[in-house]
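Just below is one structure, and these are the notes that go with it.
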Amino acid sequence: MSSETGTSTQAPGSVDRSVLERVRSELRGNPLTLAGALIVTGLAAVAIVGPVLTPYDPTTQELANRLQSPSLAHPLGTDQLGRDVMTRLVYGARISLGIAIAVTAIRVVIGTTVGLVAGYAGGWVDEALMRLVDVQLAFPGLVLALVVAGILGPSLRNVMLALAVVGWATYARVVRGSVLSVKEREYVHAAKLVGTPPRRIARRHLLPNVINPVIVLATLNLGTVVLATAGLSFIGLGAQPPTPEWGTMLAGGRNYLRSAWWLVNAPGVAIVLTVLGFNLLGDGLRDLLDPRQQSRLEEV
Amino acid sequence: MISTNFLAYRLATALIVLFGVSVLTFGLIYLTPGDPAETVLIQQTDQQPSQEAVDAFRAEHGLNDPIPLQYVDWVAGVFQGDIGQSYYSDRPVSEMIVQHAPATVELAVAAMVVALLIAIPTGVLSAIHRGERLDVACQLGALVGVSMPNFWLGYLLIIVFSLHLGLFPVSGSGGLENLVLPAVALGTGMAAIVTRLVRTAMLEELDRAYVDAVRSKGLGERIVIYKHALRNALIPVVTVVGLQFGFVLNGAVVIEIVFQRPGLGTLLVDAIFARDYPVVQGVVLVTAVAFVLTNLLVDLSYRYLDPRIRLGGVSA
């Protein structure tokens, strides 16, 4: 029992301290990571408290005020139905972040489970699960998500489902790879010898070792999901008007490119900033958490 | 050379994957909430169809057979080049695909060219000035490129180059002038990925002993970089650009809608909204098969070209 906890967590106290230090030095040494962290924190704050700060409603139409250019009352102007664009962006942050988190969480759970089972079980189970992964990766992701969402019927919920079921394969691959590299280590053999049940070995010994690449992948994935959700909504398969979703807003502005340039550009900038934030943060986390990747980066 | 074992393994798995792809593609229409025949008829006529109409539709399109039999029929048809007929126009799906594919292929190739034109100089500059401000700027630029929704970039290009400068048409297809903006919109995101790759590959090459050897012969830095290092660095780069095929297809769907180009993407989206299932299945099948075959070819050629990978063994 003592050997088991000792090997799997390696003196918890010291790990915590050194992790904090490394986080601090990463944020100090790499302004890009800091920028990413700030963008993501800011967005989360906007999504949580933002609606309180704006005096307008995101869906109430005020046709007398339609297509007004940016002003003090409407910092980002109003849209074709007289709604405040800034307000709609703020409510949209809620939708985008919510969906990104939900989709990524489902992907992580499915992918990690499949990867753990495949890597640990080996044999025909591994072979079968990995072929399933191959099949999923054989489709261009957005095309498959688009078809699944379209056939289920256009709605934000179906976009979420579609993106979740087509995106877990990468996690399964990464986790399986890590499991394969860990499972032959001595402490895993030791745990097996003392009769630890497989479920417990997976949870106590394998999972902690595969979690870091998963965290990095998930952070980068949050950005991809924001892009994909906006793209599917833009096509008309996701959020339906009047929902203040960024992709839907952009699609609504396409007939006003000349007269009201802010209609496509405001949501465009919001999407870029969000995705950039996740990408910067993800790159920083990779330096911190995924030492193999880190050494590769230093090497080159 | 590639070992026969590996070749056999890779071909076998590709076949299994293609089988899975066909099952999944065929099964897609059964995701329809409710009865597919009824849903299609509601979509077509905008009213609740009579039971006779539903039965007639099922009979006409072979939807009464047990599902496994329908699948076998469908696959047998595919092998004879028959992927069904549109529910609307009764045109063969294969004919519609052949008609729409050139616009997409044209866009894909042009986007890849744009991506390489942007990525090679940026990646090389970044590598030469590694760690300096220019390098950080290039890398940040690449990151912004990856983060950019290409449909928004499309509209930005239209606003600037079509509406304000009047240099290119807003939409349409055919001539070169119709290809430039979509190719740039689609190629930029890919350029961002390829830039990182060029940078990494260049740094690896510049670290190698032969570079010092060439330098010590007194050749100018320019020749060292462009003639020797870049040439070697481009091998993995070109391969990975081939692997971006799926990325290009993903992007092409959206870009074709932005620029109203009549390609596979618009065909697919129109078919989805119209619930024209045979067309949806056909386009999905063709893109997935093309994707699987490209990946197979890229994987094999990569191993053939790069001895380091060949020695690395099979990583299934």
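All chains are named by letter (A, B, ...) in the order of the sequence lines, taking the proteins before the strands, and each is independently numbered beginning at 1.
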Counting only non-hydrogen atoms closer than 4.5 Å, does [X] touch chain A with its backbone (N, CA, C, O), its side chain (CB onward), both, or neither?
X: B/V253; value: side chain
X: B/L18; value: neither
X: B/L143; value: both
X: B/F19; value: neither
X: B/I158; value: side chain

Heavy-atom closest contact (A/N279 atom, B/S147 atom, distance):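 It is ND2-OG, 3.1 Å.
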
Shortest non-hydrogen contact between B/A111 and B/M190, atoms and distance: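 Of all heavy-atom pairs spanning B/A111 and B/M190, the closest is O-CE, 3.9 Å.
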
Basic-acidic side-chain contact under 4.0 Å: A/D283, B/R196: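 Judged by the 4.0 Å cut-off on N to carboxylate O distance, A/D283 and B/R196 do form a salt bridge.
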
Heavy atoms only, distances under 4.5 angstrom: which of [options] has the most pairs with chain B? Name it, please.
options: A/I151, A/V226, A/V272; answer: A/I151
options: A/L32, A/L280, A/L276; answer: A/L276
options: A/L257, A/L132, A/D134; answer: A/L257

Let me check something: any side-chain donor-acceptor pairs from residues 283-298 of chain B under 3.5 Å, sequence neighbours excluded? List them with distances.
residue : atom : partner : partner atom : Å
B/T287  : OG1  : B/V283  : O            : 3.0
B/T287  : OG1  : B/V284  : O            : 2.9
B/T294  : OG1  : B/A290  : O            : 2.3

Test side chain to side chain contact (heavy atoms under 4.5 Å, CB included) applied to A/L67 and A/Y256, step by step: CA-CA 9 Å; A/L67 298 175; A/Y256 306 93; 3.8 Å; yes

Contact winner vs chain A - B/I159, B/V21, B/L156, heavy-atom pairs under 4.5 Å: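 The candidate making the most pairs under 4.5 Å is B/V21.
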
Pairs of heavy atoms under 4.5 Å with chain A: top-ranked of B/R275, B/H164, B/M148: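 Winner by heavy-atom pair count: B/R275.
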
Give a yes-or-no answer on whether the side chains of [X] and [Y] include a donor-acceptor pair shorter than 3.5 Å.
X: A/W262; Y: A/D79; result: no
X: B/Q139; Y: B/S126; result: no
X: A/N221; Y: A/T104; result: no

Toward chain B, the part of [X] with a non-hydrogen atom under 4.5 Å:
X: A/P267; answer: neither
X: A/D126; answer: neither
X: A/L137; answer: backbone
X: A/F234; answer: side chain

Atom OH of B/Y71 with >12 non-hydrogen neighbours under 6.0 angstrom: yes

